[in-house]
Trainee: 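The structure under discussion is supplied below as structure tokens; questions concerning it will follow.
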Amino acid sequence: MIENLVIVESPAKAKTIEKFLGKDYKVVSCFGHIRDLATKNLGVDIDNNFEPTYIVSPDKKKLVTELKKLSKEAKTIWLAADEDREGEAIAWHLYDALNLKNKETKRIVFHEITKDAIQKAILNPREIDLNLVDAQQARRILDRLVGFELSPVLWKKIKPSLSAGRVQSVAVRLIAEREKEIMNFQASLSYKTTGTFLNTTDTAFTAILPKNKKDKKEILDLLEACKTADFTVSNKTTKPAKKSPSAPFTTSTLQQEASRKFGFSVAQTMSVAQKLYEAGKITYMRTDSVNLSSLALNTAKAVIEKEFGKEYAKTRNFATKSKGAQEAHEAIRPTYIDKATVAGTDQEKKLYSLIWKRTVASQMSEAQLEKTNVQIAISNHSDTFTAQGEVLLFDGFLKLYRESVDEENEENDTNRLPKIEIGDKLDVQEIISQQKFTHHPARYTEASLVKKMEELGIGRPSTYAPTISTIQKRGYVIKESREGQQREVELIRLVEQEIVAKLKKENYGAEKNKLFPTDIGLIVNDFLVEHFDKILDYNFTATAEKNLDTIAEGKAQWQEMMHDFYTPFHKKIETTLETAERASGERFLGDDPKTGKPVIVRIGRFGPMVQMGVSISKEEEKEGKEKPKFASLLKGQSLGTITFEEALKLFDLPRDLGEYENKKVVAAIGRFGPYIRHDGKFVSLKKDIDDVMTVELDRAIELIEEKKKLDRERFIKAFEEEDIQVLNGRWGPYIKHKKKNFKIPKDVEAKDLTLEDCLELIKNPYKGKAKKKAKKK
DNA sequence: CAGTGAGCGAGCTTCCGCTTGACTT
């Protein structure tokens with residue numbers, strides 16, 4: 001008999017809480033949601049007032065059986081899922097699925113995992129809030145209806161297996177629209193003027209003209225005037241300023257900072273954080289809250305006073321700024337703030353240290369600055385130079401932590417100014433006017449997309465990383481780096497009474513790990529925006545959230561809200577299915593100069609392609625009419641931007657390179673990119689080195705030989721009589737038998753394996769640490 | 001798994017939000 005059974009969502013949490021509660025309490029975890037809508041027939045009975053059908057998720061069946069058993073034995077059951085909409089629903093699903101209505105069941109909540117908070121929670125149990133549960137059901141059903149009615153429209157009108165949803169489609173829209181802004185962006189040029197001056201004691205500093213000039217003649221006039229001008233300090237102002245630390249980390253700010261400082265992908269950040277959490281080193285990592293427990297505040301204060309001194313400590317409470325925050329947890333912070341470092345992998349150490357610094361800095365004093373602004377008049381010209389200086393009077397939190405910023409753009413014009421007073425006469429060393437291009441808006445990184453999604457209130461801490469991986473998996477978006485290009489800008493310099501102009505090369509347009517929309521992403525987005533503007537509206541989720549809040553307050557019925565949404569939505573689905581054209585992104589490029597046939601680009605069954613000639617029907621083919629020719633677009637090319645010339649070149653593939661060892665050598669492009677085929681074997685071309693359009697026979701032979709050598713090294717041994725090979729693979733040596741692969745235990749030398757060993761491993765496959773084979777389809 | 005771009009059309013795909021492992025040739 002168990003006295004008390006406490007069910008929480010996370011197993012790591014269960015472990016900690018059990019320690020706090022003592023031996024009368026058994027604490028177990030339900031691993032999040034245990035049931036979900038059935039996938040058959042939507043899982044929603046539209047005609048029966050949107051009645052949902054819930055089933056226990058397949059991977060939770062065993063767990064639910066186990067929980068049922070435990071709850072039968074227990075006297076009192078405490079449902080301690082998180083205090084937010086999803087948590088309330090989890091509690092209710094447990095109540096329902098475990099059949100707890102005849103048991104003593106209590107609902108408790110806490111926002112921080114401290115002994116104090118848990119004990120308080122136990123003293124204040126309540127009922128399950130059915131209004132909040134209804135709000136969750138409404139959210140779930142809305143998402144199901146949108147996703148499962150919208151996606152099939154795409155299958156019919158664009159391509160099978162595509163997907164659309166309240167969150168992912170808006171995420172794709174952000175990226176698609178940003179790309180269009182960039183495509184339509186016209187860079188403009190203007191001259192930025194910087195002067196280097198000497199103060200009365202000959203110390204140099206720089207000042208700029210606050211406004212850039214477009215006109216070269218104006219610049220030349222100015223520089224000409226400066227040749228003979230006197231420069232006088234006409235004004236000087238100083239004012240105090242302060243900088244305050246940022247709030248402790250939430251999921252989204254942690255993802256952003258880890259991306260900016262370490263280049264982590266959002267998934268990487270989450271998996272490292274998960275490890276730290278499971279090891280008890282940080283608090284829960286999927287949170288939208290910036291709150292710290294009072295215990296954490298006290299420890300932070302003590303740590304700061306000890307490490308930096310009393311004047312560096314300042315206890316603060318931060319308020320959330322993000323839309324729709326539910327704040328069921330604390331901010332992400334070290335469990336023990338007095339530990340500045342932890343053991344672990346490099347990544348774990350780095351991320352922990354970042355979390356520690358951010359948390360501690362959030363409880364430190366502001367930095368005190370003094371900002372100085374100096375105006376320098378030109379005696380024979382109406383323009384005025386401006387110098388800006390910043391002096392740090394007290395470093396405060398900056399002693400520990402400095403947040404990074406997104407844009408690598410714009411050099412900083414602030415410098416440390418020497419002693420300058422009003423009326424000082426200054427000498428000029430040089431004045432440089434350099435042409436500057438305006439920049440297009442920055443493409444999104446994974447992390448800056450998360451930031452934007454959070455601003456719009458779409459997605460949740462637990463879904464940011466999975467959503468970003470979904471839109472990439474569907475092929476809507478691709479994360480890429482692209483090389484920059486060079487261009488020339490003019491630089492006009494006045495030094496020692498002489499004006500000299502020259503051209504300077506600069507790099508621009510290089511992108512590192514940015515999100516680009518693909519052709520299919522752009523086509524799907526255009527289609528959805530055209531036909532389902534309401535769902536694709538950036539405010540759709542925010543508005544829905546307001547309705548959900550009303551339901552949670554008990555002031556509205558969820559079925560009514562669903563009805564109001566669904567009726568027009570479903571009608572739109574039907575008319576779109578009936579009336580909308582198939583969307584293929586088709587574009588006519590021109591007529592082939594050799595044959596006169598039309599050349600078009602469009603999305604085909606296998607992605608973006610170029611087609612020469614008109615499509616024909618089966619009958620026409622029988623009659624001997626000529627079929628059109630097809631070729632896939634290369635990586636980096638897109639339907640919207642490919643030129644006629646580039647498109648024509650694609651028909652040059654496959655290219656015949658000649659013969660080697662009496663066999664033909666051919667260069668072409670396949671599913672995995674550019675390759676060379678020789679004697680029935682394929683060799684990939686080297687990215688960034690080889691060009692499939694120009695590669696020659698000599699190089700091809702080099703690659704073929706290289707591959708042959710690798711294949712030889714791949715081979716360890718074979719037992720031909722049993723069709724067994726021992727080979728070197730990506731994850732080390734393995735056994736290959738009749739097209740199936742088998743693992744080799746770590747402590748076994750692959751080259752010492754005997755035939756008997758191999759047969760044994762094939763009969764009883766070694767599974768590593770795994771206990772059982774998980775079926776997954 | 002390195003061709004293909006369509007033919008009949010069965011049967012499949014798909015959502016968001018909670019949680020962790022399992023597992024890749």
Side-chain angles (χ1 to χ4, degrees), chain A residues 8-13 29-37 39 42-43 57 59-60 63 81-82 84-87 89-90 93 136 139-155 159-169 271 274 278 284 286 328 458-464 466-467 470 474 541 584 602-607 609-611 615-618 621 627-632 654 666 668-677 681-684 714 727-736 740-743 767-776:
Chain A
V8 297
E9 292 182 38
S10 146
K13 214 190 219 179
S29 149
C30 67
F31 295 81
H33 275 294
I34 53 159
R35 295 200 304 195
D36 192 13
L37 292 174
T39 45
L42 282 181
S57 316
D59 54 330
K60 296 285 169 64
L63 175 76
D82 298 344
D84 57 16
R85 202 163 60 207
E86 296 298 325
I90 290 174
H93 277 296
Q136 192 275 347
R139 195 282 303 158
R140 179 67 191 91
I141 292 167
L142 175 81
D143 282 336
R144 170 55 65 83
L145 294 176
V146 169
F148 275 35
E149 295 214 353
L150 221 42
S151 301
V153 177
L154 300 182
W155 304 343
K159 220 174 88 159
S161 302
L162 294 175
S163 68
R166 173 178 58 84
V167 172
Q168 59 168 283
S169 296
S271 104
Q274 176 88 27
E278 283 170 10
Y284 196 57
R286 291 185 274 265
I458 64 167
R460 303 277 310 133
S462 68
T463 61
Y464 294 138
T467 302
T470 299
R474 297 269 174 277
T541 291
S584 71
R602 65 178 172 95
I603 287 278
R605 274 213 293 164
F606 308 104
M609 60 161 196
V610 49
Q611 172 177 349
S615 302
I616 54 165
S617 68
K618 186 88 181 160
E621 196 189 331
K627 283 210 285 191
K629 282 206 284 185
F630 302 99
S632 292
V666 175
I669 292 177
R671 178 142 151 49
F672 304 117
Y675 67 92
I676 287 183
R677 198 176 61 224
K681 289 202 177 106
F682 296 89
V683 189
S684 291
R714 210 169 105 84
L727 301 170
N728 255 321
R730 251 207 290 177
W731 290 283
Y734 67 101
I735 298 169
K736 187 177 168 134
K740 273 183 146 178
N741 299 320
F742 299 87
K743 269 189 183 170
K767 289 275 176 246
K769 274 187 288 177
K771 278 174 256 157
K772 254 193 184 154
K773 201 173 170 184
K775 270 266 185 282
K776 220 179 161 189

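Order of the sequence lines fixes the chain letters, A, B, ..., with proteins taken first and strands second; residue numbering starts at 1 for each chain.
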Trainee: Sequence neighbours excluded, which residues qualify as side chain to side chain contact (heavy atoms under 4.5 Å, CB included) partners of A:S615?
Mentor: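 A:S615: side chain to side chain contact (heavy atoms under 4.5 Å, CB included) contacts with A:R602, A:Q611.
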
Trainee: Look at all strands and tell whether A:L162 reaches a base, only sugar-phosphate, or nothing, counting heavy atoms closer than 4.0 Å.
Mentor: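 Result for A:L162 = sugar-phosphate.
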
Trainee: Checking A:P160 now: which residues fulfil side chain to side chain contact (heavy atoms under 4.5 Å, CB included) with it, not counting sequence neighbours?
Mentor: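 Side chain to side chain contact (heavy atoms under 4.5 Å, CB included) check on A:P160 returns nothing, list empty.
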
Trainee: Hey, does A:R139 reach any base, or is it just sugar-phosphate, or nothing, if we go heavy atoms under 4.0 Å?
Mentor: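 Counting heavy atoms under 4.0 Å across all strands, the contact made by A:R139 includes a base.
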
Trainee: Give the dot-bracket string for DNA chain B, reading 5' to 3', where a pair is Watson-Crick or G-U wobble with both distances under 3.5 Å, ( ) marks pairs inside the strand, [ ] marks pairs crossing earlier ones, | marks a partner on another strand, and . marks unpaired.
Mentor: .........................

Trainee: Could you check whether A:S29 gets within reach of a base, just the sugar-phosphate, or nothing at all, counting any heavy atom under 4.0 Å?
Mentor: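 Contact class for A:S29: none.
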
Trainee: Determine the contact category for A:Y284: base if any of its heavy atoms lies under 4.0 Å from a base atom, sugar-phosphate if only primed atoms, P, OP1 or OP2 are that close, otherwise nothing.
Mentor: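 The residue A:Y284 makes sugar-phosphate contact but no base contact.
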
Trainee: Heavy atoms only, 4.0 Å cut-off, all strands: where does A:P461 land among base, sugar-phosphate and nothing?
Mentor: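 Here A:P461 touches no strand at all.
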
Trainee: Distance check needed: B:dC15 P versus A:I141 CD1, whole Å only.
Mentor: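 Taking CD1 of A:I141 and P of B:dC15, I get 18 Å after rounding.
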
Trainee: Under the side chain to side chain contact (heavy atoms under 4.5 Å, CB included) rule, collect the residues that match up with A:R35, sequence neighbours excluded.
Mentor: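 Per chain and number, A:R35 pairs via side chain to side chain contact (heavy atoms under 4.5 Å, CB included) with A:Y54, A:V56, A:W92, A:H93, A:D96, A:A97.
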
Trainee: Applying a 4.0 Å non-hydrogen cut-off, can you work out what A:G32 is touching in the nucleic acid: base, sugar-phosphate, or nothing?
Mentor: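 Counting heavy atoms under 4.0 Å across all strands, the contact made by A:G32 includes a base.
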
Trainee: Looking at A:R85, does any N or O in its side chain come under 4.0 Å of the phosphate oxygens OP1/OP2 on B:dG17?
Mentor: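 No.
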
Trainee: Assign A:R144 to base, sugar-phosphate, or nothing according to its heavy-atom contacts below 4.0 angstrom with the strands shown.
Mentor: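 Here A:R144 touches the bases of the nucleic acid.
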
Trainee: Just call it for A:E149: base, sugar-phosphate, or nothing, with non-hydrogen atoms closer than 4.0 Å on any strand.
Mentor: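 If one applies the 4.0 Å heavy-atom cut-off, A:E149 turns out to touch nothing in the nucleic acid.
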
Trainee: Polar-atom pairs under 3.5 Å, protein N or O versus N or O of nucleotides 7-9 of chain B: list them with distances, or write none.
Mentor:
none

Trainee: Mind checking what makes side chain to side chain contact (heavy atoms under 4.5 Å, CB included) contact with A:D84, not counting sequence neighbours?
Mentor: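 Partners of A:D84 by the side chain to side chain contact (heavy atoms under 4.5 Å, CB included) criterion, ordered by chain and then number, come out as A:D82, A:E86, A:Q326, A:A328.
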
Trainee: Under 4.0 Å, heavy atoms only, any strand: does A:Q611 hit a base, just the sugar-phosphate, or nothing?
Mentor: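 It contacts nothing in the nucleic acid.
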
Trainee: Taking any heavy-atom pair under 4.0 Å as a contact, classify A:R35: base, sugar-phosphate, or nothing.
Mentor: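 The residue A:R35 makes no contact with any strand.
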
